Novice: 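Here's a structure for you.
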Amino acid sequence: MSVTATARITAVADGRGSTALPLLESDGPLALRRTRSPETGYARVTVVGAMSAPLGGDRLAVEVRAEDGARLTVDAAAATVALPGAGPDAGPASYTVRLSAGEGAELRWLPEQLVSARGSALDMTTRADLAPTARLVLREEQVLGRHGEPTGRLSTRLTVRRAGRPLLDQHLAYGPGAPGGWDGAAVLGGHRAVGQLLLVDPAFDHGLPAPRLLGTTAALTPLAGPAVLVTALAPDARLLRAVLDEALEDLLKDSRALRRR
């Protein structure tokens, strides 16, 4: 039997330099937990999987709102594993993430890896709507197959709008049914971990980092707006995370330097 569930988070600035969570609503396999943030003024929520999901046919969603001036980090306790459904007629699962950040807000969406297990089919959509002065840090990582197995079918779409205007619209597809060549030398080149890191920051209005390679399988691309996208490949999840973490640390240093000008 398939599951339909939507978890909701709302963060607001409390007027005393901190962030409160007036709405923290778990649902189905999506359990939300308040966790301690290492940074003063930030609220932190960790998504904890309460059961195996998504399975074929499941319809899962997470809605996150950071109101004006709020500072929120959302992470996860473990990787999400897309699994086949209970029967041949289960159909693909869907997982939708909706993010919004108001004026002066900062939202960090930092889940753990999404693992596409053999025989699974998942359509994942992430949509972010940002006010002109909002900041967004977004990391998405996909691992194509568990150890020693081929990947399932995985389709992802990342759409970001800033001040009502399109900033990024990226669609990726892997596994059975994906366009030919997705696992060829010109795309994955035998790698099975792929990730994206997006930083949207008004500070970049004063100067975007130059495009460059980050090692041999990652690239930094400035966008047409105050934002930078890092795309990376790696043989496994651990090496992928190392590349994205190093890139984020460098980009945050660039952002802080621009804000001090």
Side-chain angles (χ1 to χ4, degrees), residues 9-21 36-45 62-75 97-111 126-141 157-170 195-215 218-232 240-261:
I9 305 168
T10 299
V12 298
D14 66 1
R16 303 188 301 275
S18 296
T19 297
L21 297 169
R36 184 182 299 276
S37 173
E39 296 178 272
T40 302
Y42 285 77
R44 179 184 174 199
V45 176
V62 178
E63 298 178 354
V64 182
R65 295 179 57 84
E67 302 287 0
D68 294 355
R71 290 178 286 182
L72 173 64
T73 298
V74 183
D75 57 17
V97 177
R98 304 182 188 95
L99 310 173
S100 68
E103 296 289 352
E106 180 172 342
L107 175 56
R108 300 178 181 181
W109 175 253
L110 301 170
T126 302
R127 301 187 182 100
D129 288 287
L130 310 176
T133 56
R135 297 179 73 229
L136 173 68
V137 179
L138 181 149
R139 182 188 68 218
E140 291 189 339
E141 299 162 297
R157 185 169 184 179
L158 171 60
T159 305
V160 181
R161 296 177 65 87
R162 177 177 180 266
R165 299 172 62 87
L167 179 65
L168 175 66
D169 192 344
Q170 176 178 272
Q196 303 82 40
L197 172 70
L198 174 69
L199 176 59
V200 183
D201 192 333
F204 287 143
D205 278 326
H206 305 293
L208 280 165
R212 61 183 184 269
L213 294 176
L214 306 175
L220 182 152
T221 305
L223 303 181
V228 174
L229 177 68
V230 174
T231 304
L240 177 67
R241 178 65 59 84
V243 171
L244 295 181
D245 281 352
E246 183 177 355
L248 178 57
E249 182 178 352
D250 290 344
L251 288 171
L252 291 178
K253 287 179 182 177
D254 291 344
S255 170
R256 287 191 291 268
L258 287 169
R259 290 200 296 271
R260 286 195 294 267
R261 288 184 180 179

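Quick caveat, the model's predicted, so the values are computed rather than measured.
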Novice: Decide side chain to side chain contact (heavy atoms under 4.5 Å, CB included) for V64 and V45; before the verdict, give the C-alpha distance in whole Å, the side-chain angles of both, and the deciding distance to 0.1 Å.
Specialist: CA-CA 10 Å; V64 182; V45 176; over 6 Å; no

Novice: Quick one: which of L72, V74, V137, L138 gives a side chain to side chain contact (heavy atoms under 4.5 Å, CB included) with R108?
Specialist: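 Single pass found, and it is V137.
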
Novice: Any chance you could measure L130, atom CG, to E103, atom CD, to the nearest 0.5 Å?
Specialist: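 Between atom CG of L130 and atom CD of E103 there are 10.5 Å.
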
Novice: Could you work out, with side chain to side chain contact (heavy atoms under 4.5 Å, CB included) as the rule, every residue matching P166, not counting sequence neighbours?
Specialist: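 Here the qualifying residues are R161.
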
Novice: To the closest 0.5 Å, what do you measure between CH2 (W109) and CG (D75)?
Specialist: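 CG of D75 is found 9.5 Å from CH2 of W109.
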
Novice: Is the closest basic N to carboxylate O distance between E67 and R65 below 4.0 Å?
Specialist: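 A salt bridge is present here (some side-chain N lies under 4.0 Å from a carboxylate O).
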
Novice: Could you pull out the closest heavy-atom pair between G104 and T133, with the gap in Å?
Specialist: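 Smallest heavy-atom distance, with atoms named: N-OG1, 2.8 Å.
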
Novice: Would you say R71's side chain and G17's backbone share a donor-acceptor pair under 3.5 angstrom?
Specialist: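 Checked: pair present.
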
Novice: Search all heavy atoms of L208 against all heavy atoms of G225 and return the closest pair with its distance.
Specialist: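 Looking at all heavy atoms of both residues, the closest pair is CD1-O, 3.6 Å.
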
Novice: Work out which heavy atom in F204 is nearest to a heavy atom in L251; give both atom names and the distance.
Specialist: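 Closest approach of F204 to L251, heavy atoms only: CZ-O, 4.2 Å.
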
Novice: So do T231 and T221 actually touch side chain to side chain, heavy atoms under 4.5 Å?
Specialist: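 No - every pair of side-chain heavy atoms lies 4.5 Å or more apart.
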
Novice: Do you know which two heavy atoms are closest between A203 and R259, and how far apart they sit?
Specialist: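 Minimum heavy-atom contact is CB-CG, 3.6 Å.
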
Novice: Taking all atoms of both residues into account, what is the closest heavy-atom pair of P111 and R241, and its distance?
Specialist: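 Reported closest heavy-atom pair: O-NH2, 4.1 Å.
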
Novice: Keeping the roles fixed (side chain from T19, backbone from G41), state whether a donor-acceptor pair exists under 3.5 Å.
Specialist: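 It does hold such a pair.
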
Novice: What do the steps show when you test L248 against R139 for side chain to side chain contact (heavy atoms under 4.5 Å, CB included), and what is the final call?
Specialist: CA-CA 9 Å; L248 178 57; R139 182 188 68 218; 5.9 Å; no

Novice: Can you name the nearest heavy-atom pair linking T126 to E140, along with the distance?
Specialist: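 Scanning both residues, the minimum pair turns out to be OG1-OE2, 2.5 Å.
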
Novice: Residues in salt bridge (charged side-chain N to carboxylate O under 4.0 Å, His left out) with R157, at least two apart?
Specialist: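 Testing R157 for salt bridge (charged side-chain N to carboxylate O under 4.0 Å, His left out), a comparison that skips the adjacent residues, returns D169.
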
Novice: Have a look at L220 and tell me which of D250, L229, L214, L199 forms a side chain to side chain contact (heavy atoms under 4.5 Å, CB included) with it.
Specialist: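 So, applying the side chain to side chain contact (heavy atoms under 4.5 Å, CB included) to L220 and each of D250, L229, L214, L199, only L214 qualifies.
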
Novice: Has the side chain of S100 got a donor or acceptor atom that lies under 3.5 Å from a matching backbone atom of D129?
Specialist: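 Side chain of S100 to backbone of D129: no pair is present.
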
Novice: Is it true that E63 and R98 have a side-chain N and a carboxylate O under 4.0 angstrom from each other?
Specialist: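 Salt bridge between E63 and R98, a charged N being under 4.0 Å from a carboxylate O: yes.
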
Novice: Testing L110, L244, L197 for side chain to side chain contact (heavy atoms under 4.5 Å, CB included) with E141, which one passes?
Specialist: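 Result: among L110, L244, L197, L244 is the only option passing the side chain to side chain contact (heavy atoms under 4.5 Å, CB included) with E141.
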
Novice: May I ask you to check whether over 12 heavy atoms, not counting those of E246, lie within 6.0 Å of atom CD?
Specialist: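 It does not: E246 CD has 12 such atoms or fewer within range.
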
Novice: Can you confirm whether L198 sits close enough to L223 that some side-chain heavy atom of one is under 4.5 Å from a side-chain heavy atom of the other?
Specialist: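 Touching, per the 4.5 Å side-chain cut-off.
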
